[in-house]
Protein chains: 8
Amino acid sequence: MDIKKLKKILEGVSKGKVDVDDAVGKFKDLSYSDLGHTKIDNHREIRTGAPEVIFCMGKTVEQICNIVQHMLTKDTNILATRANREIYEAVTNVAPKAEYNEMARTIVIRKKPKDITETYIAVVTAGTSDMPVAEEAAITAEFLGNKVVRTFDVGVAGIHRLYNNIDLIRGARVIIVIAGMEGALSSVVGGLVDKPIIAVPTSVCYGANFSGLSALLGMLTTCANGISVVNIDNGFGAGYMASLINGL
Amino acid sequence: MDIKKLKKILEGVSKGKVDVDDAVGKFKDLSYSDLGHTKIDNHREIRTGAPEVIFCMGKTVEQICNIVQHMLTKDTNILATRANREIYEAVTNVAPKAEYNEMARTIVIRKKPKDITETYIAVVTAGTSDMPVAEEAAITAEFLGNKVVRTFDVGVAGIHRLYNNIDLIRGARVIIVIAGMEGALSSVVGGLVDKPIIAVPTSVCYGANFSGLSALLGMLTTCANGISVVNIDNGFGAGYMASLINGL
Amino acid sequence: MDIKKLKKILEGVSKGKVDVDDAVGKFKDLSYSDLGHTKIDNHREIRTGAPEVIFCMGKTVEQICNIVQHMLTKDTNILATRANREIYEAVTNVAPKAEYNEMARTIVIRKKPKDITETYIAVVTAGTSDMPVAEEAAITAEFLGNKVVRTFDVGVAGIHRLYNNIDLIRGARVIIVIAGMEGALSSVVGGLVDKPIIAVPTSVCYGANFSGLSALLGMLTTCANGISVVNIDNGFGAGYMASLINGL
Amino acid sequence: MDIKKLKKILEGVSKGKVDVDDAVGKFKDLSYSDLGHTKIDNHREIRTGAPEVIFCMGKTVEQICNIVQHMLTKDTNILATRANREIYEAVTNVAPKAEYNEMARTIVIRKKPKDITETYIAVVTAGTSDMPVAEEAAITAEFLGNKVVRTFDVGVAGIHRLYNNIDLIRGARVIIVIAGMEGALSSVVGGLVDKPIIAVPTSVCYGANFSGLSALLGMLTTCANGISVVNIDNGFGAGYMASLINGL
Amino acid sequence: MDIKKLKKILEGVSKGKVDVDDAVGKFKDLSYSDLGHTKIDNHREIRTGAPEVIFCMGKTVEQICNIVQHMLTKDTNILATRANREIYEAVTNVAPKAEYNEMARTIVIRKKPKDITETYIAVVTAGTSDMPVAEEAAITAEFLGNKVVRTFDVGVAGIHRLYNNIDLIRGARVIIVIAGMEGALSSVVGGLVDKPIIAVPTSVCYGANFSGLSALLGMLTTCANGISVVNIDNGFGAGYMASLINGL
Amino acid sequence: MDIKKLKKILEGVSKGKVDVDDAVGKFKDLSYSDLGHTKIDNHREIRTGAPEVIFCMGKTVEQICNIVQHMLTKDTNILATRANREIYEAVTNVAPKAEYNEMARTIVIRKKPKDITETYIAVVTAGTSDMPVAEEAAITAEFLGNKVVRTFDVGVAGIHRLYNNIDLIRGARVIIVIAGMEGALSSVVGGLVDKPIIAVPTSVCYGANFSGLSALLGMLTTCANGISVVNIDNGFGAGYMASLINGL
Amino acid sequence: MDIKKLKKILEGVSKGKVDVDDAVGKFKDLSYSDLGHTKIDNHREIRTGAPEVIFCMGKTVEQICNIVQHMLTKDTNILATRANREIYEAVTNVAPKAEYNEMARTIVIRKKPKDITETYIAVVTAGTSDMPVAEEAAITAEFLGNKVVRTFDVGVAGIHRLYNNIDLIRGARVIIVIAGMEGALSSVVGGLVDKPIIAVPTSVCYGANFSGLSALLGMLTTCANGISVVNIDNGFGAGYMASLINGL
Amino acid sequence: MDIKKLKKILEGVSKGKVDVDDAVGKFKDLSYSDLGHTKIDNHREIRTGAPEVIFCMGKTVEQICNIVQHMLTKDTNILATRANREIYEAVTNVAPKAEYNEMARTIVIRKKPKDITETYIAVVTAGTSDMPVAEEAAITAEFLGNKVVRTFDVGVAGIHRLYNNIDLIRGARVIIVIAGMEGALSSVVGGLVDKPIIAVPTSVCYGANFSGLSALLGMLTTCANGISVVNIDNGFGAGYMASLINGL
């Protein structure tokens with residue numbers, strides 16, 4: 001908690017406008033809903049500008065449905081990531097309007113419309129196989145209110161495909177570059193644009209890719225500037241980060 | 001090269017305003033200066049918004065002085081990173097006004113003033129030992145025209161130090177978080193702010209830090225949102241990325 | 001074997017109270033039961049304060065049932081870990097009163113009641129997905145006679161959830177912190193309490209988590225004090241260690 | 001900050017006994033001293049039971065002396081770890097009574113006597129080469145008010161050396177086991193005692209030890225119970241953890 | 001794009017023979033076909049001497065069929081690698097003449113005959129288990145117009161098997177050596193021939209092979225000369241590289 | 001081929017007793033049988049004292065049956081390792097007398113009796129879960145004509161189980177120690193005996209065992225003497241090595 | 001040794017033209033010179049087309065001088081790699097005409113001129129810091145009789161530098177691409193040329209480069225075709241391999 | 001302690017021939033000498049057949065001299081490994097007859113002659129640079145009473161050097177193979193002999209050797225039989241193991 005807010009409440013208390021127990025409760029009650037297995041962070045949207053997102057990996061179907069049910073009682077849109085079809089089908093029982101994207105493995109439940117930015121985020125992939133990660137990034141960014149432009153399969157082995165799309169990429173306010181194998185695309189794009197790039201290594205490939213390690217190390221040690229990296233296959237993280245930047 | 005520029009030159013050639021050989025030369029001559037050992041990328045400022053920076057590691061003192069001498073003939077400010085004192089002293093022979101920052105290991109040569117942004121970049125460290133990386137980041141960002149605010153030694157072992165500075169950090173347009181050991185600071189800050197965070201793992205620590213690997217992996221697998229990561233100890237990369245975002 | 005016991009038996013032998021062959025047998029017979037595939041360590045409770053626990057991974061169902069059957073002939077409670085439902089069902093044939101916890105993958109067979117400590121162990125998780133490990137830890141500690149308090153899903157991305165539960169955590173005699181991803185929670189808790197913390201990294205996450213490596217390295221290189229670490233996903237080990245400390 | 005303290009101050013404010021700005025200042029001022037490069041955590045002793053310790057690695061000699069000078073103005077004992085002789089000599093300029101232990105690389109400055117516990121911590125090493133880490137652990141524990149018993153060079157290659165000292169080890173309230181190479185000693189001790197063991201892997205050895213990795217992994221995957229692990233070569237961490245447990 | 005081509009088109013434009021928009025279109029249209037998910041690189045054969053090959057891993061069956069359908073409209077032979085039987089069966093719907101090699105996991109569709117070289121490529125394996133990778137290499141090389149000679153199971157544990165086939169191997173213009181486990185075969189062959197060797201590590205083995213790492217590192221650190229290495233299990237890459245060399 | 005044999009054949013040729021083409025053929029024909037996919041090393045028994053063993057991993061069922069059929073035409077016993085039940089059933093079609101050991105995953109076909117050594121090999125495991133590897137080692141050694149004594153589940157967590165069996169272990173001419181987790185058993189045994197020890201790390205365990213890496217590194221960095229290590233889970237390799245030593 | 005040679009000597013022996021002991025001696029004497037510490041492989045030039053090269057790392061200065069002295073008695077040119085200045089100065093005592101290249105760390109002693117190829121090898125680097133490796137490659141290739149063209153500092157961050165030199169690179173018969181950091185240059189060049197590429201990862205960089213691992217993995221997992229890789233920093237290996245290919 | 005000895009002493013005690021305290025003392029006193037920093041294992045020769053060896057790495061010069069002084073009072077030969085010249089010179093003060101081998105970094109002090117075996121151990125290296133490890137192995141084996149035959153620099157790049165020495169190698173009772181880089185020599189020798197091989201990986205090489213990892217993994221995953229491995233650069237361990245086998 002920051003000093004300003006503390007002061008304000010203290011002043012309220014000091015002037016008798018705020019009761020002590022109320023003040024104590026204020027922090028406690030507002031902040032999260034406790035479902036036993038999960039403490040839903042209701043404050044997150046106020047604190048970080050976006051609601052808590054449901055990361056399905058490692059949760060039981062029952063837990064996920066519980067969380068969705070609870071969140072439906074709040075006036076907020078819901079995004080669940082890493083959701084398989086079984087989870088989606090269970091969720092439709094509590095949220096019939098839930099939309100599923102098979103490739104991105106996302107569930108979206110919209111309770112209120114969201115304004116879309118005029119500036120856009122470019123989502124660029126090196127290959128066709130990077131699409132699941134790219135779609136997770138794109139849908140996350142769209143969920144958070146961003147216009148997204150997709151440019152897929154422009155990897156460096158046929159670099160003219162990149163050049164022919166470079167104007168579209170340069171027009172973005174922030175660029176997400178997704179690549180497996182050696183992850184070289186982010187370095188090449190980085191040398192051609194003056195916009196921040198969020199690089200996402202993918203685990204597409206075999207052998208010395210070692211589950212995405214080659215792309216991850218390649219993107220981290222890039223010779224180009226203006227590139228930072230999120231976790232392997234973390235389309236959600238890239239979409240979120242890009243949204244924060246686009247929203248500045 | 002993008003389609004628009006190509007078209008414009010083609011039109012110039014078509015209308016007889018631009019000679020064929022001139023057109024060919026245009027691309028070739030403008031783009032870089034060839035010193036034999038190094039091809040200085042004169043186009044980089046136009047293309048990416050910032051001049052080429054001299055990364056001293058792995059270059060001989062003689063090569064660095066050559067590059068500086070050549071760049072001095074252009075109307076551009078010069079930044080050299082990873083420069084030790086021996087390099088600095090050699091550089092002063094060709095650039096007497098060069099300024100050295102021992103902690104950051106940077107050399108700056110200013111030929112033209114640069115406007116400073118009103119919004120600022122927060123540079124936050126977990127510990128005192130992260131300062132060399134933090135100073136490299138801060139000086140890079142300042143060199144590129146950004147206002148920078150430093151908040152050092154607010155690591156999670158004494159988290160109230162972070163809370164007492166959180167307003168200053170929240171006031172930034174973009175935040176650089178620098179931490180060694182387990183790199184947990186970026187996750188904690190990430191949960192408290194609504195601004196993009198560039199995380200820099202450092203190799204400060206011993207044992208299972210494995211030269212920065214623990215902090216790197218920790219920052220990549222963060223449970224918080226809005227965080228992306230640059231290479232271990234890469235203060236320059238973080239400062240550059242933050243500058244791009246702050247400049248949007 | 002320690003000097004004192006050796007001396008006592010030697011004295012018995014010296015005074016003719018103990019026969020030589022008896023003395024030899026004493027050590028041999030008391031110490032373990034040999035089932036061929038397994039040598040059950042009957043001495044372990046005397047030596048280390050707790051009976052041998054059946055670690056099911058890598059054992060055949062038949063071997064596990066053999067071990068249970070043998071242990072049932074002794075006056076001891078039985079705990080089996082890493083047991084799937086198939087194992088549980090086979091065990092109920094020889095021990096109908098066996099209790100199974102699906103999430104923790106534990107089987108418990110109680111032959112004698114056990115006193116419960118007044119002081120308690122806090123089991124704290126960063127996320128919902130850490131629950132299987134947390135339950136293994138909690139059930140192990142309870143099996144060994146400890147009072148356990150669970151606090152789940154208080155990870156650092158929404159750190160106020162931790163603060164609102166900090167009194168409960170501080171009230172414990174020893175704290176188990178379980179976290180995947182970057183494992184930052186143990187460092188944050190470590191900075192807020194004056195009790196020993198057993199940290200358990202989990203393999204929850206993907207990409208650069210590398211099967212729990214990120215959380216493991218993060219917890220080992222913590223900037224906080226009073227934290228030690230057990231193997232990835234090793235809820236049992238944490239529960240056992242915490243029980244030893246709580247029992248002091 | 002926990003709810004109880006918040007309530008108490010709020011009540012003070014509510015009753016007019018505490019001024020608002022005072023209340024704000026209370027948290028800010030008490031909590032740390034800001035030296036620019038370092039924020040000394042004055043609250044740490046209250047919060048975690050022990051004062052902040054100076055970790056010298058990565059700090060300049062000047063910074064360390066600054067910190068010592070500041071801490072000397074408080075009524076607290078001072079411990080600095082990973083200090084080489086150059087640092088020690090500089091420190092004696094501001095703290096002439098500083099004591100240096102060359103093997104442990106520690107500096108201790110005592111301003112007030114500290115009661116010593118009756119129960120003791122056993123510090124056990126596998127080999128002679130583990131002594132620097134063992135001494136760091138022992139001196140840390142002694143600094144924090146614990147009685148310490150040292151048993152060195154009882155590694156498993158000559159396991160009778162361990163057996164002959166096992167009574168002394170068993171008599172401890174908590175045991176620190178320090179070993180390099182394969183780190184097997186902690187497993188063997190773990191099978192013989194009913195006390196918690198803090199295991200410290202060391203980087204002593206060559207080849208496939210890979211800077212302590214072999215001992216670290218060995219200690220983490222131990223087949224014995226009641227063992228938890230701190231970072232490679234982290235004698236300080238082990239001494240601190242053991243002190244917390246011994247102080248329960 | 002290279003200078004010469006640029007000049008030629010510029011001259012065409014300059015002389016009015018080539019229209020500006022045509023010139024622009026020339027580059028764009030010729031270069032690739034955009035299927036949305038995939039941008040087929042039609043230029044690749046001109047640029048690198050071989051058509052784009054379909055790498056099936058990570059692509060959906062539907063995407064692969066789309067690509068095949070599109071490529072069938074061009075006058076080019078088609079090779080798909082890492083194709084399972086399900087993919088093959090779907091492909092036969094759009095290309096009934098497709099040939100499948102189960103061991104190599106390749107699909108070949110021939111639209112025009114290809115001349116076969118007189119010189120040959122030797123494909124040599126250490127063991128029987130390396131055959132899937134060897135067949136992928138051999139079929140790739142044959143697809144690209146090379147004569148291939150196979151010599152399987154001549155690993156160093158029975159080195160006379162190698163000696164008895166060494167003349168055949170020496171007769172090749174370029175040699176592909178495929179080995180798992182320790183990958184020693186490439187070093188031994190390298191000491192006996194004066195031809196370039198492409199070494200392919202395989203993930204055949206268990207334990208400390210770590211998915212091909214042992215063979216990969218062994219081949220990279222070879223004490224013999226004239227050996228370079230492709231990715232683990234990358235038969236295609238080896239066949240392609242060998243074809244390039246054989247075609248010189 | 002060694003000098004002596006070369007000389008002998010040369011003399012034969014020189015004296016006209018051996019025809020030139022015969023001499024050439026001698027080496028070629030004797031040495032191996034070429035089945036296309038596999039070159040069976042018929043010389044191996046003469047050269048190394050034991051026939052070639054069929055390693056089933058990575059071979060098709062058809063290839064394995066081919067090899068068995070061919071070997072049946074020679075006067076040699078047959079051992080196949082890493083064979084699953086499907087392979088075994090196929091093999092019984094060509095070799096009805098084949099014996100299968102489910103736990104060891106071995107197939108044995110005996111064509112001639114083999115003398116058994118008087119001295120014995122001790123096969124010792126740390127836990128019950130190490131039995132599949134232990135049985136592979138034991139059966140391999142028995143196949144090669146050695147007497148084998150098994151001592152299972154004597155790991156260091158209950159070290160008296162080891163002590164009570166130490167005479168039996170000491171009586172062996174060579175000892176195989178098999179352990180997963182931290183692999184400490186080999187170090188402890190190594191300190192108690194004067195016989196060579198072959199240590200086999202197993203992949204039994206989870207988390208920081210990293211598929212046997214912890215046990216492998218532990219065994220390699222042992223503080224005891226007289227220990228050497230084979231690949232993770234490589235029971236066959238240990239049995240073979242022990243047989244060579246026992247046969248000296 | 002191959003069948004043909006064996007036959008020829010056998011025929012000589014058979015016809016009485018070659019004495020048995022002579023035949024034996026022939027193989028033995030011709031093949032290497034034994035200096036005790038080193039067995040110089042005199043056959044290597046016949047067998048592999050190039051003389052043995054002296055790899056200085058790990059050899060004492062005395063051993064190197066011994067080897068040079070011995071090789072000087074043969075009619076062969078001498079190349080020593082990884083030689084520091086101390087070695088060079090010692091070598092000049094036995095070979096006054098030795099030439100040293102400080103950057104490449106090579107010593108060359110020419111006894112007979114060597115024809116230079118008309119076709120050339122292109123040596124291309126991503127950065128200035130890659131020059132030591134590039135010079136080792138270039139000097140090796142030149143020593144072996146190849147024409148070499150150098151193109152340095154054309155890394156992907158300023159990719160137009162590559163495009164402006166692409167004709168020169170395309171004109172080569174074989175291309176060596178040398179890059180540190182993420183090693184992306186080889187993929188980009190691979191997409192633009194139809195010649196075989198030998199990629200050399202360098203250890204230039206810091207942090208997540210992990211001593212060249214990032215560039216190595218990147219080059220191995222390249223999305224482009226026609227690329228194979230040699231060991232990190234192995235300029236010699238690349239020069240040798242390229243020479244073999246250029247000499248076809 | 002084993003059952004037989006225990007029985008014998010018990011009988012002595014039972015018959016009144018051995019006093020109880022004497023019996024207790026017997027074990028304690030005989031077993032080791034406690035120097036504080038070091039517990040010299042006097043029993044080791046009885047237990048394992050060889051005296052304790054001084055491993056100098058990580059010990060101070062003073063500690064080493066203490067140990068030597070103490071051991072000189074016993075009737076035993078002394079071997080110290082990993083000793084640099086400074087240590088040697090200090091040791092000559094207490095043991096003037098100490099012999100130093102610079103290459104092997106060993107100190108030997110002979111107090112009693114030792115019989116030499118008739119059978120011999122072959123020490124074989126791949127390269128000249130492996131000599132320090134080879135000499136450590138050879139001197140260890142000689143110290144323990146074995147005849148040793150050295151064959152250096154017969155690596156697989158010039159495999160005829162191996163063939164010309166194969167008779168000498170085959171004549172050994174046990175073979176030590178030492179190799180860096182890819183470590184292929186052990187596999188090749190393994191396929192040619194019927195004697196047990198102890199393989200020693202060395203850290204000679206650079207790049208992807210990763211401090212001996214490539215040779216270590218290569219030797220562990222060998223396709224040949226009858227090979228086991230000791231730690232990287234562990235000449236002592238190999239010499240000791242070979243001595244145990246040769247002494248059977």
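In what follows, chains carry the letters A, B, and so on, assigned in the order in which the sequence lines appear, proteins first and then strands, with residues in each chain numbered from 1.
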Drop me the distance from A/Tyr163's OH to G/Ile159's CD1, to the nearest 0.5 angstrom. 4.0 Å
Pairwise distance CG(A/Leu217) to CG(G/Leu213) - rounded to 0.5 angstrom: 6.0 Å
Using the ring pair (Phe, Tyr, Trp, His ring centres under 6.0 Å) criterion, which residues pair with A/Tyr120? Sequence neighbours excluded. none
Mind jotting down which residue pairs meet the side-chain hydrogen bond (donor to acceptor under 3.5 Å, both in side chains) criterion with at least one end in residues 79-90 of chain G? Sequence neighbours excluded, please. G/Arg82-G/Glu136, G/Arg85-G/Glu102
Testing the basics here: between A/Thr221 and G/Ser214, what is the closest heavy-atom pair and its distance to 0.1 Å? OG1-OG, 3.5 Å
Give me the contact list for residues 222-237 of chain A versus chain G, heavy atoms only, anything under 4.5 Å, ordered by residue number. A/Thr222, A/Cys223, A/Ala224
By residue number, those in residues 180-191 of chain G with heavy atoms under 4.5 Å from heavy atoms of chain A are G/Met181, G/Glu182, G/Ala184, G/Ser187, G/Val188, G/Gly191
